[in-house]
Amino acid sequence: MRVSCDREPLSAATPRRLRQASVIVTAALAVLLAGCSSPERLPPVPRADVARAMPLGLANARFFPGPHRDALLAEFEQAVERQRQAQGLGPDAKLPSAEVLAISGGGDNGAFGAGVLVGWTAAGDRPEFELVTGVSTGSLLAPFAFLGPAYDPQLKAVYTTITADDVYRTRGLLNSIYNDAFSDTTPLFEHISKYVDVPMMAAIAAEYEKGRLLLVASTDLDAQSPSIWNIGAIAASGHPGALDLIRNILRASSAVPGFFQPVMIDVEVDGVAYQELHVDGGAIAQMFLYPSNIDPNEIAHRERKAYLILNARDDPEWTDVDRRTLSIAGRAISTMIHYSGTNDLMRIYYNTREEGIDYNLAYIGEEFTKPEVGDFDQAYMISLFDYGYQKAAHGYPWLKAPPFAGE
């Protein structure tokens, strides 16, 4: 009996299949090549000291939601006090209502979120958010969303002029096996650095001093924990390494495990240098609002309205799956990511309902049908940006519950 070993032909979509399958493939290679050399790194933080590691020596630069729960709550409370000072409110004065924004992952589908934000400006009722959070591509959107309409031109440029060459360089299969990912994201770091510069950092710091918070998430693989980065505090620290750290955080938050190289974050514990290995925050959650172990009413009693931008579809994407290892692995991983986002929407919905927060959701509807040819297809991203823009510019029809909540 003859067994066909014909290879699947390469196409513009090949990087996407590799990215989706990278987690399983990388795990398999790790077992097969356990005896081979790997890229060098400083030692990881010892397990007993994980919660004490401080990037740039800043105690409030980032938080692990579990062990740092009280410190994170204190950061929120201090932000409210800065708001009172900035607005000239006394300690017992009623706080005005606040709007908060969470932006999900979604890769090049982040063009949707960019379009919604810029279209929202055109509609004339885009609020200034007390809190902005982001994961993966949402972390790249978040600084622009945080700083408001003045940064709309840059936001539009980021998501309508980018190509795959601005994001990664493939390493080749053999080189990838002995390295830490299928691709090198130096182009992404350079692209981030083009926009996240000294003036932007200063603007973020100024808003932080007014009591506004900008939080993005990555995943610390050594600690197997979400890492919530306090971008405003880092920007306001005055530390000479602050700008480089912010750029690396944004790169790390978008580092799809196995396909995009991880980012090493330097930390110290008791004067000893270590490195943490960080990847995409979407490895844990596609989006977050407040950490689930914090009730916003613990921070301050006020009316809050939450806006969620999901850079994805809510409906499953049908396809004819090839009976091949990479196709099956890739489809399984993309399915897990899809339903991870679904679960996040439900979790946030029920939490906001319990906490009395008004829930508002935007996502890519099934009426958007333009096909995508490969990763970061510029024509696709421009079309998706325009779709989000037009919906928002004419008054976005925000959903008050996830479409699958049955309510």
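A donor-acceptor distance shorter than 3.5 angstrom exists from the side chain of Asn311 to the backbone of Ser104, with no hydrogens or angles considered. Side chain of Arg41 to main chain of Met264: no donor-acceptor pair is present (N/O by atom type, distance under 3.5 Å, no hydrogens or angles). Put simply, the side chain of Gln83 gets close to the backbone of Gly211: a donor and an acceptor are under 3.5 Å apart.
Nearest heavy atoms, Phe129 versus Ala145: CD1-O, 4.2 Å. For the pair Ser254 and Leu188, the tightest heavy-atom approach, listed with the atom from each and the gap, is CB-CD2, 4.4 Å. Closest of all the heavy-atom pairs between Ala102 and Leu289 is CB-CD1, 3.9 Å. The minimum heavy-atom distance linking Leu214 with Pro143 is given by the pair CD2-CA, 4.0 Å. Smallest separation of non-hydrogen atoms from Val167 and Ile162: CG2-CD1, 3.6 Å. Across every non-hydrogen atom of Phe144 and Gln154, the tightest pair is CE2-CB, 3.7 Å.
The pair Arg247-Asp244 fails the salt-bridge criterion, with no side-chain N (NZ, NE, NH1 or NH2) lying under 4.0 Å from an Asp/Glu carboxylate O. The pair Lys370-Asp386 does not count as a salt bridge, with every side-chain nitrogen at least 4.0 angstrom from each carboxylate oxygen.
The cationic group of Arg353 does not satisfy the cation-pi geometry with Tyr359, failing either the under 6.0 Å distance to the six-membered ring centre or the 45° limit from the ring axis.
With rounding to the nearest 0.5 angstrom, the CD1 atom of Ile204 is 12.5 Å from the CG atom of Leu213. Remark: Gln85 CD to Glu209 CD distance equals 10.0 Å, nearest 0.5 Å. To the nearest 0.5 Å, atoms CG (Leu58) and CG (Leu56) are separated by 5.0 Å. Between the OG1 atom in Thr121 and the CZ atom in Arg126 there is a gap of 4.0 Å [rounded to 0.5 Å]. In this structure, CG in Leu131 is found 9.0 Å from CZ in Phe146, a value given to the nearest 0.5 Å. Note that CG of Leu147 is 11.0 Å distant from CG of Leu155, once rounded to the nearest 0.5 Å.
A side-chain donor from one of Asn109 and Tyr380 sits under 3.5 Å from a side-chain acceptor of the other. Side-chain contact check for Asp280 and Ser136: at least one donor-acceptor pair (N or O, by modelled atom type) lies under 3.5 Å. Side chain to side chain, Asp165 and Thr163 fail the donor-acceptor criterion of an N or O pair below 3.5 Å. There is a side-chain donor-acceptor pair under 3.5 Å between Tyr159 and Thr137.
Between Tyr396 and Trp398, the angle of the ring planes lies from 30° to 60°, which puts this pair in the tilted group.
Few gaps surround CD on Glu77; more than 12 heavy atoms of other groups in view lie less than 6.0 Å from it. Around NZ of Lys400, the count of heavy atoms belonging to other residues, nucleotides or ligands within 6.0 Å exceeds 12. More than 12 non-hydrogen atoms from other residues, nucleotides or ligands lie less than 6.0 angstrom from CD of Glu367. Heavy-atom contacts from other residues, nucleotides or ligands closer than 6.0 Å to NZ of Lys156 number 12 or fewer.
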Inset, instruction - Please step through side-chain contact (heavy atoms from CB on, under 4.5 Å) for the pair Ile299 and Ile294, ending with a clear verdict. - result: CA-CA 9 Å; Ile299 303 165; Ile294 289 181; 4.2 Å; yes

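Ring pair Phe368/Tyr387: centre-to-centre distance below 6.0 Å.
Sorted by first and then second residue, the ring pair (Phe, Tyr, Trp, His ring centres under 6.0 Å) pairs with a member in residues 272-293 read Phe76-Tyr290, Trp229-His278; sequence neighbours excluded.
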